[in-house]
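Within every chain, numbering begins at 1; the chains are lettered A, B, ... in the order of the sequence lines, protein sequences first and strands thereafter. All values reported here derive from a predicted model rather than from experimental measurement.
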Amino acid sequence: MLASYLLNPNKSNHNLEDVCLEYLGVKKLAYNDVTDKGKLNFREVPVDSATCYSGEDAAAALKLRKLLAPAIEKQGLAKLFYDMEMPLIEVLADMEMAGVKIDVPLMNAFSAEMEKEIASIEKRIYFIAGEEFNINSPKQLQEILFEKLSLRTRRKTKTGFSTDIDVLEQLALEHELPREIIEHRTLSKLKGTYVDALPRLVNLKTGRLHTSFNQTVTATGRLSSSDPNLQNIPIRGEWGIKIREAFIAEKGFLLLSSDYSQIELRVLAHLSIDEGFIEVFRHDGDIHARTAMELFGVPAGELTPEMRRRAKTVNFGIVYGISPFGLSKQLGIPPDESRDYIETFFVKHKGVRDYMNRTIEQAAEAGFVSTMFGRKRPIPELKNTNKNIRQLGERLAINTPVQGAAADIIKVSMLNIWRRLKEERLKTRMLLQVHDELLFEVPEDEKDLAMALVKEEMENAVKLEVPLKVDIGACVNWAGAH
DNA sequence: CACTAGTGCAA
DNA sequence: TATTGCACTAGTG
């Protein structure tokens, strides 16, 4: 289904049945049997038919391949398809089969500890609220906060008033209950989604967690991970760190984590050839500090952590195609102030400004954007009559080449690393990819060799106008490998 | 059991 | 009114 995906990344379903329906005009193909003198005969069967043969998926795929191969060629996607995505299948299969080990007893201990903490917070919440209710129900929580306690409502949702983290943080300034709710939410989220759920998914034969890496899901060329999603394991906060400590290496092995440092901003520097960005990255400078100096007009020595934090948010916002309103919401400052930041940024980075304008113009003209590896994303939003949707299209046009190129780059490095590990007969195994990070399991005595190999291949996956930088570390658990 | 809404975890 | 995902619970049908 890779071909269908590359030809139309905007479509959500790239499973066999949907693609058959779209390209072949049938629900599903069945392979007729081997009795037909070696000649393949196809017949159409409904999806829900009880008459299913083991060869039908392969037969359908073969037929689709003949149909889609010329389209792949015609759209200039052949290299991407045959040299990147197809070879990557085996790499991902190896990673899925390898799985990752978790410390189940440790997770269980966390669970008990969290259970107690949650129960104690619960008691306080019921006492403050004056009644018991389901804290996990936004509907019931609204009644308590906005009706019983008469706290000021903030944002609206489709069905009522929002009780999300931003709202609760504001309410916490005026009442003691919201703080307890936040604590409760955090703990029950981490307990329910990770600490309790993951141990149940450990495979009985391998004793490890096996994810699925989905190659035909995202609009930008990233992978996704599901069942379980191992690309959103917590990392922040006390409990986030603890959960990562429960991702461990096999006895005699270490977990090796290597991640690209600011790969998206480096890609943006490359694509835009912006003087300031290129200068910072060529000298391995602190990009957020540099932006902070520009925004606040102070020398490096006078920068405060708050100034750098704001600049970091601005830099991220740039990659997403920021608006003054969005930035003000993110920073919790007036829109006027955030507008000044954006204007100042673009005055100091005319290269980025011009690149973004060019990109949007080209996207509107061609109807799609491309990454540096020729991956395409149609952006029909740019032709929409609704201004909000058109502006969304502009943000997609800005973000996709950057996020997509970063995805391309790490895929190249995965292929090169996988091949070298095989050629050089190393026992190191690639386990996970988390967008800009790779996680390996490495025999203790292979650590130095593997670290050198991985760093080398990631930093040299492609040649850009600025160097690619990789941070790398190894430890018995995932938390310590960072 | 399938689906939506709200929420929140990651890059 | 910031990009890309996945999964949890509550609630509904």
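- Rounded to whole Å, atom P of B:dA10 lies 15 Å from atom CG of A:L432.
- Taking atom CH2 of residue A:W239 and atom P of nucleotide B:dA10, one finds them 15 Å apart after rounding to whole Å.
- When rounded to the nearest whole Å, the span between CG of A:D166 and P of B:dG6 equals 15 Å.
- Under the 4.5 Å side-chain criterion, counting only non-hydrogen atoms from C-beta, A:D103 is not in contact with A:F110.
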N/O-N/O pairs, protein side and nucleotides 4-7 of chain C side, under 3.5 Å:
residue : atom : partner : partner atom : Å
C:dT4   : OP1  : A:R377  : NH1          : 3.4
C:dT4   : OP1  : A:R377  : NH2          : 3.1
C:dT4   : O4'  : A:Q403  : OE1          : 3.2
C:dT4   : O4'  : A:Q403  : NE2          : 3.2
C:dT4   : O2   : A:R222  : NH1          : 3.3
C:dG5   : OP1  : A:A219  : N            : 2.9
C:dC6   : OP1  : A:S224  : OG           : 2.8
C:dC6   : O4'  : A:N229  : ND2          : 2.9
C:dA7   : OP1  : A:D227  : N            : 2.7

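- Listed nucleotides: B:dT7, B:dC9, C:dA2. Nearest to the side chain of A:P138: B:dT7.
- A donor atom on one side chain and an acceptor atom on the other are found under 3.5 Å apart for A:R124 and A:S120.
- Contact annotation for A:I233: backbone-only contact, meaning every heavy-atom pair under 4.0 Å involves sugar-phosphate atoms and none involves a base.
- Contacts of A:T211 with the nucleic acid, taken as non-hydrogen atoms under 4.0 Å apart, are absent.
- Backbone-only engagement by A:N134 is indicated by non-hydrogen atom pairs under 4.0 Å involving sugar-phosphate atoms exclusively.
- Counting only heavy atoms from C-beta on, A:D164 has its side chain closest to B:dG8 among C:dT1, B:dA10, B:dG8.
- Contact annotation: A:S162 reaches the phosphate of B:dT7 (side-chain N/O to OP1 or OP2, under 4.0 Å).
- Not one side-chain nitrogen or oxygen of A:S188 sits closer than 4.0 Å to the OP1 or OP2 atom of C:dC8.
- A:G317 comes within 4.0 angstrom of a nucleotide base, judged by non-hydrogen atoms across all strands.
- Side-chain atoms of A:R244 and A:S257 include no donor-acceptor pair closer than 3.5 Å.
- Atom CG of A:N315 is separated from atom P of C:dT3 by 17 Å (rounded to the nearest Å).
- Legend: residues meeting side chain to side chain contact (heavy atoms under 4.5 Å, CB included) with A:N460, ordered by chain and number and at least two apart, are A:E456, A:K463.
- Looking at heavy-atom distances under 4.0 Å, A:Q140 makes contact with sugar-phosphate atoms alone, never a base.
- Between A:I410 atom CD1 and B:dA11 atom P there is a gap of 12 Å when expressed in whole angstrom units.
- Between A:I135 atom CD1 and C:dT9 atom P there is a gap of 15 Å when expressed in whole angstrom units.
- Candidate nucleotides C:dT3, C:dT1, B:dG6 were compared by shortest atom distance to the side chain of A:S323, and C:dT1 ranks first.
- Proximity of A:S137 to the phosphate of C:dG11: a side-chain N or O atom is located under 4.0 Å from OP1 or OP2.
- Between A:R236 and the phosphate of B:dA10, there is a side-chain N or O to OP1/OP2 separation shorter than 4.0 Å.
- Closest non-hydrogen pair, A:R377 versus A:N10, comes out as NE-OD1, 3.8 Å.
- Across A:G393 and A:E381, no two heavy atoms sit closer than the pair CA-CB, 3.7 Å.
- Distance CZ (A:R185) to P (B:dC9): 10 Å, rounded to an integer number of Å.
- In this structure, A:E264 atom CD and C:dA2 atom C1' are separated by 12 Å, rounded to whole Å.
- Residue contacts shown for A:I235 are limited to sugar-phosphate atoms, with no base heavy atom under 4.0 Å away.
- There is no side-chain donor-acceptor pair under 3.5 Å between A:E147 and A:Q142.
- In the model, A:T220 has a side-chain atom that pairs as donor or acceptor with a side-chain atom of A:Q403 under 3.5 Å.
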